[in-house]
Amino acid sequence: MMRTRPLKVALLGCGVVGSEVARIMTTHADDLAQRIGAPVELAGVAVRRPSKVREGIDPALVTTDATALVKRGDIDVVVEVIGGIEPARTLITSAFEHGASVVSANKALLAQDGAALHAAAEQNGKDLYYEAAVAGAIPLIRPLRESLAGDKVNRVLGIVNGTTNFILDKMDSTGAGYQEALDEATALGYAEADPTADVEGFDAAAKAAILAGIAFHSRVRLDDVYREGMTEVTASDFASAKNMGCTIKLLAICERARDGGSVTARVHPAMIPLTHPLASVRGAYNAVFVESDAAGQLMFYGPGAGGAPTASAVLGDLVAVCRNRLSGATGPGESAYAALPVSPMGDVVTRYHISLDVADKPGVLAQVATVFSEHGVSIDTVRQTGKDGEASLVVVTHRASDASLSGTVEALRKLDTVRGVASIMRVEGE
């Protein structure tokens, strides 16, 4: 039997995502009520600009006082889509204290203060759900913390930012330079006026922290994630990648150490073989590849951003939280029992592609090979081209630690025959 008294929802933020949440709550009200077991009612919408016309939303629901809205006491669920650290953190904590569960899309806050927010939710017996914080519409958080709860996840490898994937895909498919591809992404609305959070990897790093924490049952904060942007990727890097049968993607990589005693989380551009499923992810789409003991290899793919896709994830959480509310239960909270430490980037082992500008004369290759050998870095392949006294030397290594590779590069720079290090890129997905 359906309960007739509605569950009341407060919406914090009514921009691209928030307006879609409100629209779906209205247009799908009957279906949502059947799925939940009670109607859901939009009880208030907190915004910064109340004078703006918001189609389909009763102006009487609009307020600029978000604090008063979450403190009302009759709110069952607060949906937070304003982003940023403050006032979102204070509002979410206040919502728990005043009896509401929370659905959030705030990756930055969860990556920085997820443990404290989970603790506040548990202390007040409320839910904190955040499927929309990572990869938009793609179901990822719930499969990791529920569907794979009985398995052991060893690696999460993914494209989790649509803007950067669009730019790199354009560079790959058309031969465009970075700035040209960025300009097109901006014109099409894929990139913000200030794209720093995307192209420098901050957005992906926040998502990597969240994914690593859930996958490995350990606390991983944004500061634990190694981050490297993609602004230095060039057309020549793509040419080198094609020579290796690869393309280049900005990847979020979360791994359990082989001995199981630690984890790593990192974001950086990397060459990835064209045979890997992630290599075929085009445009602004996202995809995440999960490797676990029992399930094996799983791939999650779809639109990773945008109003409607992100709102879809928010509404999925809203339904789950409302069902819990009716049954008097709460869903999964933080699982950090493993408490695995996060290893520094220097301990990460992978393959490398290094392009060197060298003098075109006998003995150069031997000198370079000696430096690699002295630092314990094994060479897989070498390709040398040159004329008129100058040459290019491309070295692809076997797996080596980041620390040993850094020492190798530092020593190479000291050779008289090495004019410069043109590029260094990791090779992943093998």
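In this text, all values refer to a predicted model and were calculated from it rather than measured experimentally.
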Requested in this report: Say whether, by atom type as modelled, one donor and one acceptor occur between the side chain of T174 and the main chain of M171 under 3.5 angstrom.
Outcome: no
Query raised in the report: Which heavy atom in A133 sits nearest to a heavy atom in K107, and how many Å separate them?
Result: O-CB, 3.3 Å
Query raised in the report: Would one find more than 12 heavy atoms of other residues, nucleotides or ligands at under 6.0 Å from atom CD of E192?
Result: no
Query raised in the report: Who are the side chain to side chain contact (heavy atoms under 4.5 Å, CB included) partners of S404, not counting sequence neighbours?
Result: V377, A400, S401
Requested in this report: Check whether any side-chain N or O of N124 sits under 3.5 Å from a backbone N or O of K126 as a donor-acceptor pair, and report yes or no.
Outcome: no
Query raised in the report: Are there more than 12 heavy atoms of other residues, nucleotides or ligands under 6.0 Å from atom OH of Y285?
Result: no
Query raised in the report: Does V78 reach the side chain of L91, with side-chain heavy atoms less than 4.5 Å apart?
Result: no
Query - Taking every non-hydrogen atom, the tightest pair across V40 and M25 - result: CG2-CE, 4.3 Å
Query raised in the report: Roughly how far, to the nearest 0.5 Å, is the CD1 atom of I159 from the CZ atom of R282?
Result: 10.5 Å
Query raised in the report: For residues D65 and T63, is any side-chain donor paired with an opposing acceptor at under 3.5 Å?
Result: no
Query raised in the report: Is there side-chain contact between H268 and M345, with heavy atoms separated by less than 4.5 Å?
Result: yes
**Report entry** Short side-chain donor-acceptor distance under 3.5 Å, Y129 and E131
**Finding:** no
**Report entry** Passing candidate, side chain to side chain donor-acceptor pair (under 3.5 Å) with E334, options R145, R219, H217
**Finding:** R219
Query raised in the report: Quick check: does any side chain N or O of S312 sit under 3.5 Å from a backbone N or O of A308, one acting as donor and the other as acceptor?
Result: no
Query raised in the report: Taking everything shown except Q367 itself, do over 12 heavy atoms lie less than 6.0 Å from its CD?
Result: yes
Report task. Output yes when a side-chain donor or acceptor of S262 lies under 3.5 Å from a complementary backbone atom of A257, and no otherwise. Result -> no
Report task. Please tell me if the side chains of T67 and T90 come closer than 4.5 Å, counting only heavy atoms from C-beta onward. Result -> no
Query raised in the report: Can you tell me how far OG of S280 sits from CE of M299, rounded to the nearest 0.5 angstrom?
Result: 5.5 Å
Report task. For the pair R227 (side chain) and A204 (backbone), establish whether a donor and an acceptor sit closer than 3.5 Å, ignoring hydrogens and angles. Result -> no
Report task. Compare all side-chain heavy atoms of L356 with those of V421 and state whether any distance is below 4.5 angstrom. Result -> yes
Report task. Taking all non-hydrogen atoms of both residues into account, name the closest pair between N161 and T164 and its distance. Result -> OD1-N, 2.9 Å
**Report entry** Reported NZ-to-CG distance for the pair K170 and D183, which is rounded to 0.5 angstrom
**Finding:** 12.5 Å
Query - Test side chain to side chain contact (heavy atoms under 4.5 Å, CB included) applied to L148 and L298, step by step - result: CA-CA 11 Å; L148 295 174; L298 306 170; 4.0 Å; yes
Query raised in the report: So, does D151 use its side chain to make a donor-acceptor pair with the main chain of A295 at under 3.5 Å?
Result: yes
Query raised in the report: Between the main-chain N or O of S104 and the side-chain N or O of E80, is there a donor-acceptor pair closer than 3.5 Å?
Result: no
Report task. Start with the C-alpha gap between D347 and T264, add the side-chain angles, then the distance that decides, and say whether side chain to side chain contact (heavy atoms under 4.5 Å, CB included) holds. Result -> CA-CA 9 Å; D347 292 347; T264 59; 5.7 Å; no
Report summary line: Output for pair (R351 CZ, H398 NE2), nearest 0.5 Å, gives 7.5 Å
**Report entry** Pairing of R426 and D402 as salt bridge, 4.0 angstrom limit
**Finding:** yes
Report task. Start with the C-alpha gap between V319 and L315, add the side-chain angles, then the distance that decides, and say whether side chain to side chain contact (heavy atoms under 4.5 Å, CB included) holds. Result -> CA-CA 6 Å; V319 169; L315 266 294; 5.5 Å; no
**Report entry** Distance-only donor-acceptor check, side chains T234 and D237, under 3.5 Å
**Finding:** yes
Requested in this report: Show your reasoning for whether salt bridge (charged side-chain N to carboxylate O under 4.0 Å, His left out) applies to R266 and E255.
Outcome: CA-CA 9 Å; R266 49 197 165 102; E255 292 180 305; 2.8 Å; yes
Query raised in the report: What are the two closest non-hydrogen atoms of M230 and P269, and how far apart are they?
Result: CA-CG, 3.9 Å
Report task. Answer yes or no: is there a donor N or O on one side and an acceptor on the other, between the side chain of S173 and the main chain of D169, under 3.5 Å? Result -> yes
**Report entry** Short side-chain to backbone donor-acceptor contact, D317 and V314, under 3.5 Å
**Finding:** no
**Report entry** Exceeds 12 heavy-atom contacts within 6.0 angstrom, atom CG of D293
**Finding:** yes
Query - Interatomic spacing from CD in Q123 to CZ in F96 - rounded to 0.5 Å - result: 11.0 Å
Query raised in the report: Do the side chains of V103 and V9 get nearer than 4.5 Å, heavy atoms only?
Result: no
Query raised in the report: Less than 4.5 Å apart, any side-chain heavy atom of V368 and any of V382?
Result: no
Query raised in the report: Quick check: does any side chain N or O of S335 sit under 3.5 Å from a backbone N or O of I214, one acting as donor and the other as acceptor?
Result: no
**Report entry** Flag side-chain contact, heavy atom, 4.5 Å: L110 against L128
**Finding:** yes
Requested in this report: Would you check if T370 and E374 make a side-chain contact, meaning some heavy-atom pair closer than 4.5 Å?
Outcome: yes
Report task. Please indicate whether R48 has more than 12 foreign heavy atoms, meaning atoms of other residues, nucleotides or ligands, lying under 6.0 Å from its CZ. Result -> no
**Report entry** E410 and R413 ion-paired at < 4.0 Å
**Finding:** no
**Report entry** Heavy-atom closest pair, residues A209 and A111
**Finding:** CB-CB, 4.0 Å
Report summary line: Quick note, ring-ring contact (aromatic ring centres under 6.0 Å, His included) partners involving residues 136-164, not counting sequence neighbours, are none
**Report entry** Check against side chain to side chain contact (heavy atoms under 4.5 Å, CB included), V70 and I75
**Finding:** CA-CA 7 Å; V70 301; I75 299 297; over 6 Å; no
Query raised in the report: Is it true that the side chains of N165 and N286 contain a donor and an acceptor less than 3.5 Å apart?
Result: no
Report task. Output all residues satisfying ring pair (Phe, Tyr, Trp, His ring centres under 6.0 Å) with Y130, sequence neighbours left out; order by chain, then residue number. Result -> H118
Query raised in the report: Which heavy atom in A313 sits nearest to a heavy atom in A137, and how many Å separate them?
Result: CB-CA, 4.5 Å
Report summary line: When rounded to the nearest 0.5 Å, the distance separating CE of M271 from OG1 of T247 is 9.5 Å
**Report entry** Under-4.0 Å salt bridge between E97 and K71
**Finding:** no
